[in-house]
Structures are given as structure tokens and as C-alpha cells.
Amino acid sequence: MMIWPLPGVSGRALRDQLRPVADGAANVTGLGGDANDVVQRYLKWVADAERMLRTVMRPEDLHRYVLTDRYWATLQSPLERKLFAPAVLDEMLHIARELEAAFRDLDQYLNGWLTDGEFNGPINYVVPDTNVFMQHPQLYPDID
């Protein structure tokens, strides 16, 4: 699913913030440690990701990828946090895949609008008036 920036925020700014967040999501599950360490890394990742993305990403996307129901349940539960480790690991594996896919989709979308991989100012697209095709006495290639 495509992630869209907030109004007034460029897609490039969102992409630049999304890359380290996606990498961080993958790192939560791969650093080892006991169950408490995993949950603590998860909570830290959520705090860091929310701080990085809240100014560039729409709130509904932020809640879908970062501020999930599992995050709020883990944060507010009176139970020992280590009990949440298996669920946190499952969620982070899923989120890491989703964020990576969202980053690739956004990157591909942005690169489709760039020239030579770099945006060097406005691009002008010419769209001929369809009346020329329908009403002009000459064919389009013959019009000067």
C-alpha cells in the first residue's frame, strides 16, 4: 500500500525519513537478547519512528505502521513486558516487510517522475488539445 506524505511535504522528504525507520524495524528483531530487551528495543523503535515520521507522514499511515494496537497494548499493560516478546517479534517482522515494500513503492513512484534520477526543477508535460485531432483539416504529424 502506498504511503503518502502530509500536504506540503515532498515525497523525497518522506522517503528520506522512511529509510532509517524501515532499517530500524528490521534491526529490532535481529539483535538478540532476552525477551525484555526485545520489548525495550520495540518501544524505543516506536518512539524514534514516531518522532521521525510525524512531520512527514499522514496520521493514518503512522498508526498503521508505527502506533499500532499492539504498541498501545504493550505500553499500557500491567503484565510483565517479556510476555509480549513473541507478539512483538511477529509484529516487527510484519512491519519491517511492510515498511520495506512501502519504501520501494514510494521510491519507484518518485523515480518515475525524475529525469536522470535527479529532480532538477519543474518538468513540463505537453498534452495536445484533442480538438486538434478531431477538427483540424491536417493530420497531426503534418501540422507545423
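Because the structure is a prediction, the values reported are computed rather than measured.
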Applying side chain to side chain contact (heavy atoms under 4.5 Å, CB included) between M57 and each of V66, L62, V21, L6, report the one that passes. L62
Quick test of your reading of the model: are R19 and D23 salt-bridged, counting only N-O distances below 4.0 Å? yes
Rounded to the nearest 0.5 Å, what separation is found between the CZ atom of R70 and the CG atom of L75? 14.5 Å
Provide the closest heavy-atom pair for G11 versus L106 in the form atom of the first, atom of the second, distance. O-CD2, 4.0 Å
Any side-chain heavy atom of D34 sitting closer than 4.5 Å to one from D37? yes
What closest approach, in Å, do L18 and A102 show between heavy atoms, and which atom pair accounts for it? CD2-C, 4.3 Å
Below 3.5 Å, can you tabulate the donor-acceptor pairs from side chains in residues 85-93 to any protein atom, sequence neighbours excluded?
unit_1 : atom_1 : unit_2 : atom_2 : d
E91    : OE2    : Y42    : OH     : 3.4
E91    : OE2    : T68    : OG1    : 2.4

Hey, mind stepping through L14 and W4 against side chain to side chain contact (heavy atoms under 4.5 Å, CB included) and telling me if it holds? CA-CA 8 Å; L14 174 57; W4 296 101; 5.8 Å; no
Would you say that V9 contacts T55 through its side chain, given a criterion of any heavy-atom pair below 4.5 Å between the two side chains? no
Quick one: does NZ or CZ of R15 land under 6.0 Å from the six-membered ring centre of F103, within 45 degrees of the ring axis? no
Inter-residue atom distance L110.CG - S10.OG, 0.5 Å rounding: 8.0 Å
Locate the shortest heavy-atom distance separating K44 from D48; write the atom from each residue and the value. NZ-OD2, 2.7 Å
Kindly write out the residues that satisfy salt bridge (charged side-chain N to carboxylate O under 4.0 Å, His left out) with R64, not counting sequence neighbours, or none if the list is empty. D61
Would you please indicate if the ring centroids of Y71 and W45 are separated by under 6.0 Å? no
Counting C-beta onward and ignoring hydrogens, is there a side-chain heavy-atom pair between I3 and Y65 closer than 4.5 Å? yes
Mind running salt bridge (Lys or Arg N to Asp or Glu O under 4.0 Å) on D16 and R12 for me, showing each step along the way? CA-CA 6 Å; D16 291 347; R12 177 179 271 172; 5.3 Å; no
Rounded at 0.5 Å granularity, tell me how far CE in M2 sits from CD in Q108. 8.0 Å
Which heavy-atom pair separates A25 from I95 by the least distance, and what is that distance? CB-CG2, 4.4 Å
